[in-house]
Amino acid sequence: MSILHSNQSTLPLRSFKISENVTYDCIDIYKQPGLEHPFLKTHKIQLKSSISRHELKMQTGKNETSDKRKIECPNGTVPILRNTKEYVTNSQVFAEEHFHPLSADSPGTHIAGVRSSIGPFRGVQAWFSANALNVGKDQVSYGQIYIGSGSGNQVNYISAGWIINPGLYGDQRVWAFGFWKGKDGKGCYNTACSGFVQVSKVIPIVRPIDLKPGVPGWFRYFIHQASHSGSSPPMGNGNFPNGGRLDSGLFSNIEVLNSNYEQRKMNSFPVENLLDSEKCYGLRIGKVKPFHRNHLGFFFNYGGPGGNSCGV
């Protein structure tokens with residue numbers, strides 16, 4: 001298998017091998033591959049957000065997923081996943097076939113989530129859970145938040161979340177990921193091609209997360225699933241949202257930035273529920289009794305086992 005360094009013209013100052021097939025190279029922040037995009041040639045890297053907002057704390061009673069494999073690149077450098085040619089090619093192929101989040105009409109795709117089209121919005125955030133699932137080699141299961149605009153083949157959006165994609169990553173692990181898609185269906189995952197700019201020297205955009213079966217990991221980061229086989233894979237943690245709030249997949253404290261950059265709960269605006277296959281998956285919008293304290297903000301549960309009767 002042919003290996004590509006994160007940037008073949010740039011020698012890494014340091015490298016971290018965190019598992020057999022996962023190595024990160026510490027690349028000069030101004031020579032990272034993301035800046036090779038034509039629109040980013042003169043980009044000035046912004047190390048801190050210009051938006052002032054309160055810190056969204058996770059209120060589920062669970063601990064955030066932490067990565068025990070320490071990556072700390074030297075000052076002035078950032079960790080970039082060392083890619084294979086196969087990974088770069090697959091990243092572009094998956095981008096072209098990637099689910100269009102502004103429409104549920106995508107053959108082989110199943111979805112459970114919420115969205116709002118009453119913008120403009122400047123941002124979105126949420127706490128949500130990820131779970132280890134048994135996903136086929138030609139299947140994908142993931143949870144994401146996204147913000148975008150457009151219609152048809154002129155959609156433009158950016159998303160982040162967790163994903164299980166054996167065809168792309170070569171394993172059944174949960175991976176944190178970023179994805180962008182622009183004009184004419186062009187887009188890419190993570191740092192496999194230009195577009196994303198890595199800023200943190202310790203937290204890569206793309207990284208594997210080792211989770212134990214039945215034990216969710218929590219992310220602060222919309223939900224969709226793509227399948228090309230006859231049987232559709234599980235979603236969320238594989239359970240229908242029929243039990244308690246923590247018994248199925250969960251998105252909590254979902255908030256957006258309105259056109260004035262003011263932080264608001266997502267249900268302050270009209271929200272559309274998305275669910276295409278009730279036989280295989282479920283969606284339940286969180287409800288709070290009057291005068292009861294709610295630490296989850298606007299939340300919803302989702303998920304299901306998949307199966308052979310989910311439709312196309």
Side-chain angles (χ1 to χ4, degrees), residues 60 94 96-116 126-146 157 159-169 171-175 177 179 209 211-219 221-252 254 266 271-287 296 298-312:
T60 61
F94 276 110
E96 294 175 0
E97 298 178 352
H98 191 278
F99 169 65
H100 189 317
L102 303 182
S103 169
D105 300 326
S106 181
T109 298
H110 300 294
I111 181 172
V114 298
R115 69 181 177 188
S116 178
W127 278 103
F128 54 96
S129 60
N131 294 269
L133 299 170
N134 185 17
V135 176
K137 291 183 179 180
D138 63 343
Q139 298 177 327
V140 182
S141 185
Y142 55 98
Q144 67 173 3
I145 56 173
Y146 77 94
Y157 75 92
S159 65
W162 63 266
I163 186 170
I164 303 173
N165 190 338
L168 179 60
Y169 297 105
D171 59 36
Q172 285 275 353
R173 285 187 292 184
V174 172
W175 285 72
F177 81 99
F179 182 86
I209 308 294
L211 298 177
K212 296 179 181 179
V215 181
W218 290 92
F219 295 83
Y221 280 114
F222 307 56
I223 315 302
H224 89 263
Q225 183 177 60
S227 171
H228 296 287
S229 65
S231 177
S232 299
M235 182 189 293
N237 68 352
N239 297 327
F240 283 105
N242 298 327
R245 295 175 179 176
L246 301 181
D247 293 336
S248 59
L250 171 68
F251 269 61
S252 69
I254 309 171
M266 187 172 178
V271 174
E272 177 185 0
N273 296 343
L274 302 175
L275 182 65
D276 78 307
S277 180
E278 294 184 357
K279 291 183 179 179
C280 299
Y281 311 105
L283 172 68
R284 184 180 65 192
I285 305 301
K287 295 182 179 179
L296 298 178
F298 173 60
F299 70 96
F300 67 86
N301 289 95
Y302 72 98
N308 295 314
S309 304
C310 303
V312 296

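In this text the structure is predicted, and so the values were computed from the model without any measurement. This chain uses plain numbering: 1 for the first residue, then up along the sequence.
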For this session: Indicate whether any N or O donor in one side chain lies under 3.5 Å from an N or O acceptor in the other, for Ser277 and His110.
Result: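 His110 and Ser277 do not have a side-chain donor-acceptor pair below 3.5 Å.
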
Find the distance between [atom1] ([X]) and [atom2] ([Y]) and round it off to the nearest 0.5 Å.
| X | Y | atom1 | atom2 | result |
| --- | --- | --- | --- | --- |
| Leu133 | Asn237 | CG | CG | 7.5 Å |
| Ser252 | Phe298 | OG | CZ | 11.0 Å |
| Arg245 | Leu250 | CZ | CG | 9.0 Å |
| Gln144 | Tyr157 | CD | OH | 6.0 Å |
| Phe299 | Arg284 | CZ | CZ | 7.5 Å |
| Phe219 | Ile209 | CZ | CD1 | 4.5 Å |

For this session: In sequence, state the C-alpha distance, the side-chain angles, and the governing distance for Leu283 and Phe300, and then conclude on side-chain contact (heavy atoms from CB on, under 4.5 Å).
Result: CA-CA 7 Å; Leu283 172 68; Phe300 67 86; 3.5 Å; yes

What are the two closest non-hydrogen atoms of [X] and [Y], and how far apart are they?
| X | Y | result |
| --- | --- | --- |
| Val174 | Ala130 | CG1-CB, 4.2 Å |
| Ser129 | Pro216 | CB-CB, 4.2 Å |
| Phe240 | Lys279 | CZ-O, 3.4 Å |
| Asn131 | Trp162 | O-CZ3, 4.4 Å |
| Ala112 | Gly282 | CB-O, 3.9 Å |
| Phe177 | Ser159 | CE1-OG, 4.1 Å |

For this session: Can you spot which of Val114, Ile285, Ile254 makes a side-chain contact (heavy atoms from CB on, under 4.5 Å) with Val271?
Result: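 Between Val271 and the candidates, side-chain contact (heavy atoms from CB on, under 4.5 Å) is satisfied uniquely by Val114.
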
Problem set entry | Check: Ser248 side chain, Asn301 main-chain N or O, donor-acceptor pair, under 3.5 Å |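 No, Ser248 side chain to Asn301 backbone: no donor-acceptor pair under 3.5 Å.
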
Exercise. Is a side-chain donor or acceptor of Gln172 paired with a backbone partner of Val135 at a separation under 3.5 angstrom?
Worked result: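 Looks like yes, one N/O pair under 3.5 Å.
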
For this session: Could you walk me through whether Leu275 and Tyr302 pass the side-chain contact (heavy atoms from CB on, under 4.5 Å) test, one step at a time?
Result: CA-CA 9 Å; Leu275 182 65; Tyr302 72 98; over 6 Å; no

